[in-house]
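Structure, as structure tokens:
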Amino acid sequence: MKILFVCMGNICRSPLLEGWARQVLGDTGLVRLVDSAGTGAWHAGQPPDPRAVAVAARYGLDISGLRARQVRADDFQGMDLILCADRDNQRELLRRAPPDARARIALALDWAGVQAGGEVPDPYYGSAADFERVNALCRDAAEGLLRRLRGQA
């Protein structure tokens with residue numbers, strides 16, 4: 001399975017989702033690829049927000065080497081699952097998706113069984129506490145993803 005996590009700029013939420021999914025899924029053999037991208041290209045090529053890097057590091061997770069990119073047309077064919085941080089990004093991807101898209105597009109927290117219809121809020125304009133909350137939600141999403149994938153295996 002190939003999974004892509006998506007948020008707006010790919011510097012806060014989606015790198016945390018990607019990092020936690022890589023950590024939690026590890027060598028389970030359940031996924032072949034975990035990646036992240038943004039619906040926008042504002043931060044393409046940039047590392048994650050320093051606050052996201054710092055909160056991840058406090059929990060032993062290194063996301064500093066990730067680089068932002070925008071969702072590409074081939075992601076709709078090359079990925080099995082595109083998990084969005086929130087409804088706005090999900091709507092945007094559903095709008096962009098070609099009629100023959102192979103990837104299923106869903107909300108990350110919902111698909112992972114963490115919270116029905118749940119969203120990972122954007123911490124960009126928030127405080128350190130907001131980044132802590134988002135980090136915890138991303139870790140929960142990764143753990144829920146593992147449970148769901150194990151149930152499908």
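As the structure is a computational prediction, the values presented were derived from the model and not from experiment.
- Side-chain contact between Pro121 and Asp86 is absent, with no heavy atoms from C-beta onward closer than 4.5 Å.
- Shown here for Gln70 and Ala41, the closest heavy-atom pair between the two residues is OE1-CB, 3.3 Å.
- In the hydrophobic clustering, Trp42 connects to Met8, either directly or through intervening members, whenever side-chain heavy atoms lie under 4.5 Å apart.
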Determine whether Arg58 and Glu132 satisfy the following criterion, side chain to side chain contact (heavy atoms under 4.5 Å, CB included), listing intermediate values before the conclusion. CA-CA 10 Å; Arg58 280 196 292 279; Glu132 284 285 344; 3.0 Å; yes

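- For Arg69, the salt bridge (Lys or Arg N to Asp or Glu O under 4.0 Å) test picks out Asp35, Asp75, with sequence neighbours left out.
- Counting all heavy atoms, side chain and backbone alike, Pro15 lies closest to Pro48 at CB-CG, 3.9 Å.
- Atom-to-atom distance recorded for Asp110:CG and Cys84:SG is 11.0 Å, nearest 0.5 angstrom.
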Before you tell me yes or no, could you show the steps for Leu145 and Phe5 under side chain to side chain contact (heavy atoms under 4.5 Å, CB included), namely the whole-Å CA-CA distance, both residues' side-chain angles and the distance that decides it to 0.1 Å? CA-CA 12 Å; Leu145 181 64; Phe5 292 100; 4.0 Å; yes

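- The nearest pair of heavy atoms linking Glu18 to Leu66 is OE2-CD2, 3.4 Å.
- Checking side-chain atoms of Arg51 against main-chain N and O of Cys12 turns up no donor-acceptor pair under 3.5 Å.
- Closest of all the heavy-atom pairs between Leu109 and Ala141 is CD2-CB, 3.8 Å.
- Rounded to the nearest 0.5 Å, atoms CZ (Arg22) and OG (Ser36) are 7.5 Å apart.
- Under the 6.0 Å distance and 45° angle rule, Arg13 does not count as a cation-pi partner of Tyr124.
- Under a 4.5 Å side-chain heavy-atom cut-off, the cluster of Ile, Leu, Val, Met, Phe, Trp and Tyr residues that includes Ile105 is completed by Leu4, Val6, Leu33, Val71, Phe76, Met79, Ile82, Leu93, Leu94.
- To the nearest 0.5 angstrom, Asn10 atom CG is 12.0 Å from Asp49 atom CG.
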Take Arg150 and Arg147 through the side chain to side chain contact (heavy atoms under 4.5 Å, CB included) test and state the conclusion after the steps. CA-CA 5 Å; Arg150 278 192 173 144; Arg147 285 190 299 275; 5.9 Å; no

Go through the steps to decide whether Trp20 and Asp140 satisfy the test side-chain hydrogen bond (donor to acceptor under 3.5 Å, both in side chains), and finish with yes or no. CA-CA 9 Å; Trp20 279 113; Asp140 291 349; over 6 Å; no

Would Val120 and Leu16 count as a side chain to side chain contact (heavy atoms under 4.5 Å, CB included) here? Give the steps. CA-CA 11 Å; Val120 179; Leu16 284 166; over 6 Å; no

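- Rounding to the nearest 0.5 Å places OG of Ser127 at 10.5 Å from CZ of Arg133.
- Side-chain N or O atoms of Arg67 include one that pairs as donor or acceptor with a backbone N or O of Ser64 at under 3.5 Å.
- By the rule that hydrophobic residues join a cluster once side-chain heavy atoms approach within less than 4.5 Å of another member, Leu107 and Leu83 end up as members of separate clusters.
- Note that CG of Leu149 and CH2 of Trp111 are 4.5 Å apart. Values are rounded to the nearest 0.5 Å.
- Atom CZ of Arg104 and atom CG of Asp80 lie 12.0 Å apart (nearest 0.5 Å).
- Residues Ile11 and Tyr125 share a single hydrophobic cluster, defined by chaining ILVMFWY side chains whose heavy atoms lie under 4.5 Å apart.
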